[in-house]
Amino acid sequence: MIRISLELAVTIYLGLGLLVLIFWFLVEASRKKTVLPRNTLWQCPVCFFFYVDSVSESLSRCPRCQTLHKREGKEVEYI
Ligand SMILES: [Zn+2]
């Protein structure tokens, strides 16, 4: 069994946690952010379900409730 002091054990524990946090930040910073084309995000006015329909321009069918609806004048905000 390897004997180490309590301070060294706490330092190693916190150091490993810090390394994992730094690695996570680096991975998140290097990921490419996906950007949807404009006017492809729809919100169903019946069930309020958000979905992406890149084919339809003004009419779209909700994949959840199958309601056919048209785009209203206001833009849907990207989240
Ligand atoms: Zn719907």
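Residue numbers count from 1 along this sequence. Each ligand, and each atom within it, is numbered from 1 in the order the structure gives.
- Glu57 and Arg71 get closest at one heavy-atom pair: O-NE, 3.9 Å.
- Pairing each heavy atom of Val46 with each of Cys65, the nearest pair is CB-SG, 4.3 Å.
- Annotation: side chain of Trp24 is in contact with side chain of Leu21 (closest heavy-atom distance under 4.5 Å).
- Between His69 and Cys44, the closest heavy-atom pair is NE2-CA, 3.9 Å.
- Taking the six-membered ring where the residue is Trp, Trp42 and Tyr51 present parallel rings, their angle staying beneath 30° rather than reaching 60°.
- Here the straight-line distance linking atom OG of Ser60 with atom CG of Leu68 works out to 7.5 Å at 0.5 Å rounding.
- For the Zn ion (ligand 1), the tally of protein N/O/S atoms lying closer than 2.8 Å stands at 4.
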